[in-house]
Amino acid sequence: VVNRRNQATATRMAVRAAERVFAAAGGNALYSSGRMQRLFRDIHAGASHFSLSFDNAAAPYGQYRMGVPLAAAAF
C-alpha cells in the first residue's frame with residue numbers, strides 16, 4: 001500500500017515537472033516534428049495507467065494509516 005502511494009506520488013511529481021518544462025519550452029514545443037511534444041504525451045500516457053493514479057492509491061493508503069482492514073483488491 002505504501003509503495004503504491006509512493007509510485008503514484010512520484011508519477012504525479014514527474015507529470016508536474018514535465019508540464020513545467022513544456023511550458024518553459026515555448027511555442028516551438030507544440031510542433032509535431034519536435035521531440036518535446038512527444039515526451040509530453042508519453043509521460044501523460046504513462047501517468048494515466050490505473051496503477052499510477054494517485055486517487056486509486058490514496059484511499060487504500062488512508063485506510064491503512066487509519067487501521068481500517070483493506071480488501072484484497074486494494075493492493
Side-chain angles (χ1 to χ4, degrees):
V1 174
V2 175
N3 288 339
R4 280 195 61 206
R5 191 275 322 251
N6 291 347
Q7 290 170 343
T9 300
T11 301
R12 180 184 264 189
M13 292 171 67
V15 168
R16 287 181 180 166
E19 289 173 348
R20 291 181 74 179
V21 170
F22 188 79
N28 288 334
L30 295 171
Y31 291 124
S32 61
S33 60
R35 188 166 182 221
M36 184 65 70
Q37 60 81 27
R38 176 64 188 261
L39 295 171
F40 183 81
R41 287 186 296 128
D42 286 350
I43 196 163
H44 277 276
S48 67
H49 192 279
F50 177 82
S51 66
L52 297 176
S53 168
F54 185 79
D55 293 336
N56 293 333
Y61 178 73
Q63 290 175 328
Y64 165 74
R65 293 289 294 176
M66 298 292 289
V68 176
L70 297 171
F75 300 96

- Only counting residues at least two apart or in another chain, list the ones meeting side-chain hydrogen bond (donor to acceptor under 3.5 Å, both in side chains) with Arg12.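 With sequence neighbours excluded, Arg12 shows a side-chain hydrogen bond (donor to acceptor under 3.5 Å, both in side chains) to no residue whatsoever.
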May I have all residue pairs that pass salt bridge (Lys or Arg N to Asp or Glu O under 4.0 Å) and include part of residues 43-66, sequence neighbours excluded?
->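 Non-adjacent pairs meeting salt bridge (Lys or Arg N to Asp or Glu O under 4.0 Å): zero.
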Per the salt bridge (Lys or Arg N to Asp or Glu O under 4.0 Å) rule, what does the pair list look like for residues 24-43, sequence neighbours excluded?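 Non-adjacent pairs meeting salt bridge (Lys or Arg N to Asp or Glu O under 4.0 Å): Arg38-Asp42.
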Partner residues of [X] under the side-chain contact (heavy atoms from CB on, under 4.5 Å) criterion, sequence neighbours left out:
X     : value
Ala10 : none
Val21 : Met36
Ala17 : none

Are the side chain of Ser53 and the backbone of Phe50 linked by a donor-acceptor contact shorter than 3.5 Å?
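No: the side chain of Ser53 does not pair with the backbone of Phe50.
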To check you understand the geometry: which heavy-atom pair defines the closest contact between [X] and [Y], and what is its length?
X     : Y     : result
Thr11 : Ala47 : CG2-CB, 3.5 Å
Ala18 : Ile43 : CB-CG2, 3.7 Å
Asn56 : Arg4  : O-NH2, 3.6 Å

Show your working on side chain to side chain contact (heavy atoms under 4.5 Å, CB included) between Val1 and Gln63 and close with a plain yes or no. CA-CA 10 Å; Val1 174; Gln63 290 175 328; over 6 Å; no
Hydrophobic cluster (4.5 angstrom, side-chain heavy atoms) - remaining members for Met66
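Hydrophobic cluster check, Met66: joined to Val68.
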Residues in ring pair (Phe, Tyr, Trp, His ring centres under 6.0 Å) contact with Phe54, at least two apart in sequence or another chain: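 For Phe54, no residue satisfies ring pair (Phe, Tyr, Trp, His ring centres under 6.0 Å) once neighbours in sequence are set aside.
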query = What pairs of residues pass the side chain to side chain donor-acceptor pair (under 3.5 Å) test when at least one of them lies in residues 20-29, not counting sequence neighbours?
reply =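 For residues 20-29, and leaving out neighbouring residues, there are no side chain to side chain donor-acceptor pair (under 3.5 Å) pairs at all.
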key: Sequence neighbours excluded - ring pair (Phe, Tyr, Trp, His ring centres under 6.0 Å) pairs with any residue from residues 25-49   =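 Checked against ring pair (Phe, Tyr, Trp, His ring centres under 6.0 Å) - neighbours excluded - the pairs reaching residues 25-49 are Phe22-Phe40, Phe40-His44.
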Inset, instruction - First locate atom CG of Leu70, then atom OH of Tyr64, and finally report the distance between them rounded to the nearest 0.5 Å. - result: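 Atom-to-atom, Leu70:CG and Tyr64:OH are 9.0 Å apart.
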